[in-house]
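Note that the coordinates shown come from a computational prediction; the quantities given were computed from them, not determined experimentally. All values below were derived from every heavy atom in this structure, side-chain atoms included, with hydrogens, water molecules and symmetry-related copies excluded.
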Amino acid sequence: MAQASQEWFHTNVFSGRVISSTIWTVLISSIWLLLVSFLSFFLQSPLHPISALTSTFQLLLSPSSLFYLLVFTSSLVWGAVKHSQGYSVTPTVFHSWSKLILSAIQPATATSLAQFSLQSTVMAWCFVKVVWPQYSSLFSSCHDDESSWCVSHDQLFLLGCGAVTGLYLGVRYHFFSGSCVTFPVIYKETTSQIKQQMKPLLLSSAKEALHVLKYYYVIYFMSTLAISSSLPLAPISSFFSLSLFVAALSLTTLVIIVNTTRLKVFSIFLTAPLPSQPLEQLISSLSPSSPLLNLLSLQSLARLTATSSSARSTIFSLSQPGGHPHSWKAVSQACLETVDSITSSISNLSSPKPPPPSTPAPKPQVQQITSPNMRRLAPITGAKLEDVSVPPTASPATQMVSNITSMLDSVKKQPGLALLFKVQPDAGLRAIFCQSQAAIWSVDVLSHLVANSITEDRFGVVQKELPTILTTLLTLDQKMFGPRKTGGMVDEDIKLKHELKAAIKAGLYRIAIKFGEHIQAVPLNRELSAKMINYQKLLEA
């Protein structure tokens, strides 16, 4: 059943959403291309806005730009297909620069970073060809001898800017939650979400482009000084060219805004609620399946248990024949395991298990000689040979690992290199909260089912597991401490942590209010029972 649900999801849901996301990405990115092109033409001749508008329309109608527009569109489709295969449903937390570098040199990650850089370079090349004709040629006449041809330093500078921007976007995609699709707290219509997400993109992308150019100019300037002037690097005078700076700013803004558009559009379409399907198929999708299908199933189940009494009665029902609560068992077990995984991870991080004690090596036993044909060389009693302890010798591999470990420890203590190995505070705890989305909806499902069981559960299937469910929720509520961040932008893991905390408190209040004083009859330990009474009296903040 779970395999059938997964095949149905990939065939009927996921493929259609990828196609829709790709089409919307191409359409919106084309609009961004026209808008950035108009701004570029306008900045080239600020006193002639009508000419800039005419040049923008000629961009669409000119046969000479058709090839570059096709290449630009092909790169958009390629990036969309690549993202559909590499997206993630959990954000990532920055651990340390050393771990980032080690991950970046892995073959799969390094190949992906190279693809990001190549795609951005191709997009920059197409943009320069159709919008900045003065930089569109790879060769130009030499300054010293106009009869000979030299490599255009300006175009190489702009292509290098595109490559660096792509590398920056690749690093953000793999190591700073760029590949993560985020579920909205309140779901809106697809077109409304797209409008809301696209409005601030131009300004934010321009600011981000300035941030990238700041470092690119420094890198290129240092490279110009370090490498021989015979290599194709821009001369120092090009750093003071306003036209070249505007070209670099416009193409960097375009590459960033197109990449951000793709990520946001995919996030909107992939996180849309599942279409209507039988409750049995929805429950079967809770078993091990693709992470996206599991989250979407929990999302739909949380909505149904909150709004549909018929769905709740189906979960509370008994199987025929046999009279077993299979639906309730499957739902409660999947949700409890999800919540328990967060609780156990926090507990293991807060109080790690001590290493097992080392057991002494057993002493070899001397076998007694009992054969009558054998004569001892020494009597059994009397003086004994002194036991000589021989120190164990380590294998070459163990010695090499030990040497490498000691060398790394000494490197970590060096003042200049210590920053590479410095682990961010609360990195482990924040990584746990990255998995909170499934726990949020699991808490919602359990709390709605338990709260409504007092009036709708005719067979008492919830009553047996009520102490376990309350203990699980209250225990996680006690452990909800961790990173706090005020002001500025809040990372996705911090948002998920706050959403999980709010979901737990709302769920416990929902249960306590529905049960009233009857909640005091549930057998819990003293500390959890007192906390549950506080929820019943509305004393928990």
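Residues C161 and L251 are in side-chain contact: their nearest non-hydrogen atoms beyond the backbone lie under 4.5 Å apart. Looking only at side-chain heavy atoms (C-beta outward), K264 and Q196 stay at 4.5 Å or farther from each other. Looking at heavy atoms from C-beta onward, V164 lies out of side-chain contact with Y215 at the 4.5 angstrom threshold. Side-chain atoms of T271 and T182, non-hydrogen and from C-beta on, never get closer than 4.5 Å to each other. Side-chain contact between T305 and D444: absent, with no pair of heavy atoms (C-beta onward) separated by less than 4.5 Å.
Aromatic ring pairs are classed by plane angle as parallel below 30°, tilted from 30° to 60° and perpendicular above 60°; the pair F269 and W24 is tilted. Ring planes of F157 and Y220: perpendicular class, angle over 60° (limits at 30 and 60°).
Note: M480 CE to F433 CZ = 4.5 Å, rounded to the nearest 0.5 Å. We find the CG-OG distance between L282 and S276 to be 9.5 Å, quoted to the nearest 0.5 Å. Note: L210 CG to T253 OG1 = 7.0 Å, rounded to the nearest 0.5 Å. Here the straight-line distance linking atom CG of L59 with atom OH of Y68 works out to 12.0 Å at 0.5 Å rounding.
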Check residues 290-301 and write down every donor-acceptor pair under 3.5 Å in which the side-chain atom is one partner and the other belongs to a residue at least two apart or another chain.
from	atom 1	to	atom 2	distance (Å)
S290	OG	L293	N	3.4
N294	ND2	L286	O	3.2
S297	OG	L293	O	2.7
S300	OG	L296	O	3.1

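Here the closest heavy-atom approach between residue S65 and residue V130 is recorded as CB-CG1, 3.7 Å. Between C434 and P91, the closest heavy-atom pair is SG-O, 3.3 Å.
Side-chain atoms of T109 never come within 3.5 Å of backbone atoms of Q106 as a donor-acceptor pair (strictly under, hydrogens ignored). The backbone N or O of H10 lies less than 3.5 Å from a partner atom in the side chain of S15, making a donor-acceptor pair. Looking at S250, its side chain does come within 3.5 Å of a backbone N or O of A247 through a donor-acceptor pair. Of the possible polar contacts, one joining the S204 side chain to the L201 backbone as a donor-acceptor pair under 3.5 Å is found.
Qualifying side-chain contact (heavy atoms from CB on, under 4.5 Å) partners for A80, counting only residues two or more places apart in sequence or in other chains: T22, R262, F266.
Pairs of residues two or more places apart, or lying in two chains, that qualify as ring pair (Phe, Tyr, Trp, His ring centres under 6.0 Å) and include a residue from residues 170-197 are H83-Y173, F94-F176, F116-Y173, F183-W441.
With 3.5 Å as the limit, one finds a donor-acceptor pair spanning the side chains of S5 and S284. S243 and Y135 share a side-chain donor-acceptor pair at under 3.5 Å.
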Under the side-chain contact (heavy atoms from CB on, under 4.5 Å) rule, what do W32 and T260 come out as? Steps first, then yes or no, please. CA-CA 11 Å; W32 290 129; T260 308; over 6 Å; no

